[in-house]
Q: 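If you scroll down you'll find the structure; I have some questions about it.
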Amino acid sequence: MFQPNMFDSHLHLLDMGHKPPENEEDLLRDDEYERESGTEILEAPSGDDQDPNQRPKKKQYHRHTQLQIQDMESFFKECPHPDDKQRKELGRRLNLEPLQVKFWFQNKRTQMKAQHERHDNTQLRTENEKLRAENIRYKEAISNASCPNCGGPAAIGEMSFDEQHLRIENARLREEIDRISSIAAKYVGKPMLSYPHLSPGASRSLDLGVGNFGPQAGMAGEIYGAPDLLRTVSGPTDADKPMIIELSVAAMEELKRMAQVGEPLWIPSIGNSAETLNEDEYVRTFPRGIGPKPLGWKSEASRESTVVIMNHANLVEILMDSNQWASLFSSIVSRAMTLEVLSTGVAGNYNGALQVMSAEFQVPSPLVPTRESYFARYCKHHADGIWAVVDVSLDNLQPTSLPRCRRRPSGCLIQELPNGYSKVTWIEHVEVDDRTVHNIYKPFVNSGLAFGARRWVATLDRQCERLASVMANNISAGDIGEGRKSMLKLAERMVMSFCTGVGASTAHTWTTLSGSGADDVRVMTRKSMDDPGRPPGIVLSAATSFWLPVPPKRVFNFLRDENSRSEWDILSNGGLVQEMAHIANGRHPGNSVSLLRVNSANSSQCNMLILQESCTDSTGSYVIYAPVDIVAMNVVLSGGDPDYVALLPSGFAILPDGPNNSTRETPEVGSGGSLLTVAFQILVDSVPTAKLSLGSVATVNSLIKCTVERIKGAVQCDAT
């Protein structure tokens, strides 16, 4: 029969002899009981029945029923930590005391914790075994590794991380080459060419593509330029020549149709003379070619016509001679080379001439990457009296190159006109990955002013006027006399030297002096030795590009005017600048060559003159100058050879900042803002073997930044 004081004695025994477990061992011991029947309560004899001499009876436990355990399990899933009120309610419902409920939940939590820990330990043990087995496998592989060059055993650690990276890149490039050649075979109809795989030792071209300039090559030592990438490109193999011929013939037909057909291939723009290529119509009209556009690249296609002051035969000769071509278009072509002549054409002219070339196209700013191209150039005289010169890319035939630009059939049609003039229709059609162009130059590049047909035609027109001025004999030379041609020839060399040194050509590597902003100063050095056209020693070049909210025409007129020179030219020390000689070499009054004298209080500058050429067209303007020795200049003015006059040209390239975003019209120079590039060349040491000092770099950096601030202040003040 139930005794009222029995549960009190149970509580007393629980409090004194069966306290809640203090450690994990006690908890685990309780778990063994729970796994059998849940919480078990000890039943002890009453005080009257106890005998001190009698051996205690075996403990008896009250086991929970299966229903009680199921209910508490369900409650545990929702609330593993019930409070006093919840325990009382649960005990009332299950006919259990709150303390029994409390102990069950304690034991259940401990049990779950132990299960989780056992599971985690098992997982860690498994992972440890996997890592140990993988480590053993790697050790065995390294111990059995062989040298790829000699076949002998390789020492552990012999291969650097960079070499491993280059090997992986090498394998990726081989796959890319196979893919491109397969595409070319599909669209040209030739079997897929078999290219030799590059051996690990032949990965030189991969190194050349990485213009990495670390801090270790900083200002304390010399800043070396990148190797000449164009010279690493080899001529075509005998197996490639049939494909080159077929591509060139197809490209010639495509160029002629592109130049003569209108809509629907070319869609005229509303409000201006610009035309847009209908790419869907282009694919339908010319299904064959160099393959589809690579993923992520964009197409640039433009067409422009003009009449130039040059005989068609002379123009064809210039285009088919890489040196004359690079000289005529020095502001666009930073370097060019003829790799192989496959045909010289018929005797006496270039009809049928075919050659393989490589070239690098530029914008006069370090912020716009150059576009390298490996292509075939083909010249043909058509029956209707039109000469045509076409380029088409051959990058798929170069297994060591990964181009960022492809020239679809591009070039010009030249029609002979009376009086020695020629009508030129220019087609420029490229596919390019230009994602590395700096943001301030993207509108200019996207508008087609940077590399499009309009820039080629505008440059050709201006250069033809210049050549006509050089060759003219009926122009009054004034005080210059017979030295006029020599002075123009010297200025031409000065302009070429400036243009080839101000861009982002792979022939040299710029080093940024600070931060990553657009207007940061970039520098490079070169040694000048045994070059009669440059002073011997260490030459430091510095350049920076930035945007001005001033029309390009205003900036050009300010910089070319000798009366405003003292406002920005620090080296003139505020002296009065006087124009001693002036030669006009174009219709525009800004196209001229001048000889300036600086009347400075500094006696060390009394023997120095400044040779300056300014030129402008519808796509950009230049003001280029160089200090010249007065003795050497007297020889030039007397008609002497200008090639031996040492020049270090500096100057400015002024470009429009892009089209109007609302009308998408192509702007003329004189509207909108300006993109100005300032470039200096300074002889910092007359000894070619000397080391570049940090002081020289700091001086040039301060000089160019001070000049920029003066220009900004002057032109913006005039604009207001």
Q: Using the side chain to side chain contact (heavy atoms under 4.5 Å, CB included) rule, take Asp391 and Met357 through it: C-alpha gap first, then chi angles, then the decisive distance, then the call.
A: CA-CA 9 Å; Asp391 298 343; Met357 303 174 64; 5.6 Å; no
Q: Look up atom CD1 in Ile309 and atom CG in Leu417, then write down how far apart they are to the nearest 0.5 Å.
A: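 Between Ile309 CD1 and Leu417 CG, I get 12.0 Å after rounding to 0.5 Å.
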Q: Taking atom SG of Cys405 and atom CG of Asp433, what is their separation to the nearest 0.5 Å?
A: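 Between Cys405 SG and Asp433 CG, I get 10.0 Å after rounding to 0.5 Å.
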Q: For the residue pair Tyr282 and His429, categorise the inter-ring angle as parallel (less than 30°), tilted (30 to 60°) or perpendicular (more than 60°).
A: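 The arrangement is perpendicular - the two ring planes meet at more than 60°.
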Q: Name the orientation class of the two ring planes belonging to Trp325 and Phe361 (parallel below 30°, tilted from 30 to 60°, perpendicular beyond 60°).
A: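 Plane angle over 60°, so perpendicular.
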Q: When rounded to the nearest 0.5 angstrom, what is the spacing between CZ in Arg377 and OG1 in Thr338?
A: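 Between atom CZ of Arg377 and atom OG1 of Thr338 there are 8.0 Å.
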Q: Could you list the residues that satisfy side chain to side chain contact (heavy atoms under 4.5 Å, CB included) with Lys298, not counting sequence neighbours?
A: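 Lys298 satisfies side chain to side chain contact (heavy atoms under 4.5 Å, CB included) with Glu300, Val432, Asp434, Asn446 only.
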Q: To the closest 0.5 Å, what do you measure between OG (Ser365) and NE2 (His438)?
A: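 NE2 of His438 is found 9.0 Å from OG of Ser365.
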Q: Is there a donor-acceptor contact under 3.5 Å from the side chain of Ser248 to the main chain of Ile244?
A: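 Checking the backbone N and O of Ile244 against the side chain of Ser248, a donor-acceptor pair under 3.5 Å is found.
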Q: Rounded to the nearest 0.5 Å, what's the gap from SG on Cys464 to CG on Leu315? Could you check?
A: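 Reported to 0.5 Å precision, the distance equals 6.0 Å.
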Q: So, does Glu317 use its side chain to make a donor-acceptor pair with the main chain of Gln324 at under 3.5 Å?
A: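 Between the backbone of Gln324 and the side chain of Glu317 there is no qualifying donor-acceptor contact (under 3.5 Å).
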Q: Between the side chain of Ser327 and the main-chain N/O of Asn323, is any donor-acceptor distance below 3.5 Å?
A: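 Here the side-chain-to-backbone pair does not exist.
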Q: Take Trp426 and Thr306, measure what side chain to side chain contact (heavy atoms under 4.5 Å, CB included) needs, and give me the verdict at the end.
A: CA-CA 9 Å; Trp426 200 286; Thr306 192; over 6 Å; no
Q: Between Arg466 and Leu488 (side chain of the first, backbone of the second, donor and acceptor by atom type, cut-off under 3.5 Å), is there such a pair?
A: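 Yes, Arg466 side chain to Leu488 backbone: donor-acceptor pair under 3.5 Å.
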Q: Could you tell me whether the side chain of Ser422 and the main chain of Met310 form a donor-acceptor pair under 3.5 Å?
A: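 Looks like yes, one N/O pair under 3.5 Å.
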Q: Output, in order, the C-alpha distance, side-chain angles, deciding distance and verdict of side chain to side chain contact (heavy atoms under 4.5 Å, CB included) for Val333 and Trp456.
A: CA-CA 10 Å; Val333 182; Trp456 286 93; 3.8 Å; yes
Q: Quick one: CG on Leu449 to CG on Leu655, what's the gap to the nearest 0.5 Å?
A: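 If I round to the nearest 0.5 Å, the distance is 9.0 Å.
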Q: Can you see whether Arg560 engages Thr616 through a side-chain donor-acceptor pair at a distance of less than 3.5 angstrom?
A: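 Not at all, the side chains of Arg560 and Thr616 share no donor-acceptor pair under 3.5 Å.
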Q: Which heavy atom of Val424 sits nearest a heavy atom of Cys412, and at what distance?
A: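 In terms of heavy atoms, the two residues are closest at CG1-CB, 3.9 Å.
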Q: For the side chain of Arg371 and the backbone of Val430, is there at least one donor-acceptor N/O pair under 3.5 Å apart?
A: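 Looks like no, no N/O pair under 3.5 Å.
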Q: Is a side-chain N or O of Ser322 found less than 3.5 angstrom from the main chain of Ala336, in a donor-acceptor match?
A: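 Side chain of Ser322 to backbone of Ala336, a donor-acceptor pair under 3.5 Å: no, none is there.
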Q: Do other residues, nucleotides or ligands put more than 12 heavy atoms under 6.0 Å from the NZ atom of Lys489?
A: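 No, because the 6.0 Å sphere around NZ of Lys489 holds 12 heavy atoms or fewer from other groups.
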Q: Step by step, work out the side chain to side chain donor-acceptor pair (under 3.5 Å) result for Thr370 and Arg335.
A: CA-CA 10 Å; Thr370 56; Arg335 291 182 298 163; over 6 Å; no
Q: Sub-3.5 Å donor-acceptor pair from the side chain of Ser302 to the main-chain atoms of Ala453, do we have one?
A: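 Looks like yes, one N/O pair under 3.5 Å.
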Q: Check the pair Asp461, Asp617 against side chain to side chain contact (heavy atoms under 4.5 Å, CB included), reporting the backbone distance first and the verdict last.
A: CA-CA 9 Å; Asp461 187 26; Asp617 58 46; over 6 Å; no
Q: Are the side chains of Leu319 and Cys379 in contact, using a 4.5 Å heavy-atom criterion?
A: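 They are not in contact (no side-chain heavy atoms under 4.5 Å apart), so the answer is no.
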Q: Would you say that Tyr622 contacts Val495 through its side chain, given a criterion of any heavy-atom pair below 4.5 Å between the two side chains?
A: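 No, side chains not in contact.
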Q: For Ile654 versus Phe556, what's the shortest heavy-atom pair and its separation?
A: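 So the two residues come closest at CD1-CA, 3.7 Å.
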Q: Quick one: list whatever passes side chain to side chain contact (heavy atoms under 4.5 Å, CB included) with Val261, sequence neighbours left out.
A: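 With neighbours one apart ignored, the set is Arg257, Leu265.
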Q: Has the side chain of Ser650 got a donor or acceptor atom that lies under 3.5 Å from a matching backbone atom of Gln681?
A: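 Looks like yes, one N/O pair under 3.5 Å.
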Q: With Arg407, which of Glu372, Glu254, Glu428, Glu431 fulfils salt bridge (charged side-chain N to carboxylate O under 4.0 Å, His left out)?
A: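 Of all the options given, the one that passes is Glu428.
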Q: I'd like to check the salt bridge (Lys or Arg N to Asp or Glu O under 4.0 Å) partners of Lys241; sequence neighbours left out, ordered by chain and number.
A: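 Testing Lys241 for salt bridge (Lys or Arg N to Asp or Glu O under 4.0 Å), a comparison that skips the adjacent residues, returns Asp238, Glu340.
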Q: Answer yes if the side chains of Arg484 and Ser469 hold a donor-acceptor pair under 3.5 Å, and no otherwise.
A: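 Checked: Arg484/Ser469 side chains pair up, N/O donor to acceptor below 3.5 Å.
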Q: Without swapping roles, check the side chain of Ser334 against the backbone of Glu360 for a donor-acceptor pair under 3.5 Å.
A: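 Yes: the side chain of Ser334 pairs with the backbone of Glu360.
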